[in-house]
Structure formats: C-alpha cells, structure tokens
2 protein chains.
Amino acid sequence: MKYDSRLSGILHVLLHMADEDVPVTSEHLAKAMRTNPVVIRRIMAGLRQQGLVRSEKGHGGGWRIARDLSTVTVRDIYEAIGSPHIFAIGNRTEAPGCLVEQSVNAAMNDAFAEAEVLLLEQFGKVTLAALSADFHARMTQRANQCAFEDQTDVA
Amino acid sequence: MKYDSRLSGILHVLLHMADEDVPVTSEHLAKAMRTNPVVIRRIMAGLRQQGLVRSEKGHGGGWRIARDLSTVTVRDIYEAIGSPHIFAIGNRTEAPGCLVEQSVNAAMNDAFAEAEVLLLEQFGKVTLAALSADFHARMTQRANQCAFEDQTDVA
DNA sequence: TTTCATGTAACTTTATATGTTGCATGAGTT
DNA sequence: AACTCATGCAACATATAAAGTTACATGAAA
C-alpha cells in the first residue's frame, strides 16, 4: 500500500530543524530524510504560507521554524498542508444516483466522520514541543546514536 | 486522490445481490457497478473463502449470499477482505533508527490506533440487514428510480 | 562577481488500484 | 456428446498519484 507520508515527513523535518540554531538547508534535510532537496522545498513551501517556517536565500540560508514549538500542534501542521484525505478506504462515487450506493455511503460516512473527529482531536493535543521533548528523552536514554548530524549517515 | 473502494464496492454488490432470489452473474453485477466482471470475481473470491457468499457455475449460475444479512456487519466484510489499511496518511518507515522518527511515529500511532478502534466499532454496529432496510426505505420514498435491474442503464 | 541557497516549472519514475484478455474448468441444456 | 454459460485464474495493460529528478531563475552573502 502506498502512503501519503507528508504529515509524518513534515513533523520529522520540523523536529530536526528545531534542534538547530542556524537555518537548515534543504539539502541537509533531504539527506537526513533520504530524499531530494526539491521534495523538501515543496513540502516547506506550504508551511511557509501558513507562517510556520521561514526561508532564507543565499549564503547561510535555509529553513527556520517561525513559531514557538509549544504553540503548534500536529493538527495545525495537518491543516497547513491542506487537510489531505485521511482515509485510504473511501466511498465509491461512480453511481451517485443509485439508492443502494446512497445507503452504503451514508452509513460509511457517519463512521468515517466520527473517526476523523477523534483523530483530529488527538492531533490537536500533540504539540511540537511535546514531540521534541519525547525525542530528547529518547536521546538521553540511548545516548549512543542519532542527533541530527548523524542522520547523514544513519537515518 | 485515489481510494481503495473495495469495501464500499463490496457492500454495494452484496446489497444488490440480497435483493435477488436467484444467483446473480458477475456480468450483471459488473454492469450495475460500471466495472468489469473479472473485478467482481476478484472481489467475491475473498468473500467466498470466508463463507459470506457462494458461487455456482454454469447455466443459471452466479453469486448468492450465504448468510443471513442480520448476522453480517460491515466490520465482518472489512475483515473478510483482509483488513486493508484504513489510513491514507501513514508513518514514514524509511529511517526507523532515527529517534526523531520514533517519537513522531509513537505519537501518530497512538492517534491512529484510537481512531481505528472507533471506526471498527462503528463498522461493527452496522449490519447488512440495516443497510438493506435503509435502502428499501429510500426506495419507497422515491419510488421512481433505481432497483437493481435499472442499474444496467442508470447506475 | 562568484558562490550558495531557495523558487518553481516541467519531466521522469514508481507504485498500485483498476481494467482487460485469454483460456481452463465445471454445470446445465439441447 | 456437443453446446452454451458461468466462474476461476493467470497474465498483461492502463490510469493515476506520490515521489523523485532536472534545469534554470532569483536573491543574498562572501
């Protein structure tokens, strides 16, 4: 199955950025995430529009987080990237005139709607600050690996 | 966006079948759903393994529902087709050694897990009998169109 | 003015759900 | 027995969207 990994990818990138005092380049982030700099820019472009990150060109340029981590939730990020569809299994829409289809869709939509509400509530409870704290807790536990710089080789 | 429409497609097909006393051919179902008979057979093959439907070859053959509609829930169907992934947005798994990734995944997985439980609970409450009843209620309301046979032209 | 980094459009690749063809198998009909 | 109809199934083709890539323009710092 194929996933739209933008959300977790973005969270990943933001947490890496949060641990840097200087702007981080797309290339650096791309290496850490084993992807392409352009993909990073594409992801970040949307977030910049929402004021979540800033970009700087030229020497010493790169990406910086624009807001306090404690004021941004996973839900904010989700909405900043355009609230993509959450579910992989959806309703057929090919025969909207069919009453059977309408009955099925009605039942399914109710279920999906409730699950979506719950999921977004959960997302709303998780701040980037909390994620960062969790990450640092893991870091001290296993003081061995990771940290952003290592990602070039490891991640 | 692209959906895995198997679940709603199957529900659709089953409800159509439920309204027929004789076996329904793959070709008939395919026309009703504007798809290919082979696609129908592919879908139904899994359900037959679970004992939800029966198939008969040759003259007068086709598909028949094997169980009482009131004993089958949407959740049963979902599980019968192999419990496909529910969410379109998932976790990256490309850097499992990265602690940032682990933190992100942990938080996301919790949220997803809760939403999944809720969704499946909802699915478990909806029987095929209930869906069928809802369909028939719509039928009597708008007595004009639909019914299975019409699907050849309309649906 | 050279270097470095983002900005963006256009294109390519890849994954996968879906659609299609062809033929084998088995059940009923004539 | 021969014929027709339907499923069973493998193999191949198509469509679509995410992800990756290339190329070049723009702007900032050295």
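What's counted below: heavy atoms across the whole structure, side chains too, no hydrogens, waters or symmetry copies. Bear in mind the structure is a predicted one, so any value in this text is a computation, not a measurement.
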Worksheet item: C:dT6 phosphate, OP1 or OP2: any side-chain N/O from A:Arg41 under 4.0 angstrom?
Response: yes

Discussion item. What is the distance, to the nearest angstrom, from the NZ atom on B:Lys31 to the C1' atom on C:dG19?
Written reply: 17 Å

Item to complete: Would you mind reading off the distance between A:Arg48 atom CZ and C:dT6 atom P, rounded to a whole angstrom?
Response: 10 Å

Worksheet entry | Closest-nucleotide 5' rank along DNA chain C - winner of B:Asn36 and B:Lys57 | B:Asn36

Practice prompt. Starting at atom CZ of B:Arg34, determine the distance to atom P of C:dG19, rounded to an integer number of angstrom.
Written response: 12 Å

Fill in: Stepwise side chain to side chain contact (heavy atoms under 4.5 Å, CB included) check, A:Arg75 with A:Val126
CA-CA 8 Å; A:Arg75 178 166 188 166; A:Val126 183; over 6 Å; no

Item to complete: Consider only side-chain N and O atoms of A:Asp68 and A:Thr71, and report whether a donor and an acceptor are under 3.5 Å apart.
Response: no

Practice prompt. Find the distance between CD1 (B:Ile40) and CD (B:Glu27) and round it off to the nearest 0.5 Å.
Written response: 11.0 Å

Worksheet item: C:dA27 C1' sits how many Å from B:Arg54 CZ, rounded?
Response: 16 Å

Worksheet item: Starting at the 5' end of DNA chain D and moving along, which residue's nearest nucleotide shows up first, B:Arg42 or B:Thr25?
Response: B:Thr25

Practice prompt. Please determine if a side-chain N or O atom of A:Thr35 lies less than 4.0 Å away from the OP1 or OP2 oxygen of D:dG20.
Written response: yes

Fill in: Any donor-acceptor N/O pair under 3.5 Å between C:dT29 base and B:His59 side chain
no

Worksheet item: At under 4.0 Å between heavy atoms, what does A:Gly62 touch on the DNA or RNA strands: base, sugar-phosphate, or nothing?
Response: sugar-phosphate

Item to complete: Starting at atom CD of B:Glu56, determine the distance to atom P of C:dT29, rounded to an integer number of angstrom.
Response: 12 Å

Worksheet, complete the sentence: Result for 5'-nearest mapping on DNA chain D, choosing between B:Ser26 and B:Val38, is B:Ser26

Worksheet item: So B:Phe112 and B:Phe87, would you call those rings parallel, tilted or perpendicular, with 30° and 60° as cut-offs?
Response: tilted

Worksheet item: Would you call B:Glu121-B:Lys125 a salt bridge at under 4.0 Å N-O?
Response: no

Item to complete: Using atom CD1 of B:Ile89 as one end and atom P of D:dA18 as the other, report the distance to the nearest whole Å.
Response: 13 Å

Item to complete: Could you check how far CG of B:Leu29 sits from C1' of D:dA6, rounded to whole Å?
Response: 13 Å

Practice prompt. Could you tell me the separation between the CD1 atom of A:Ile43 and the P atom of D:dT21, rounded to a whole number of Å?
Written response: 14 Å

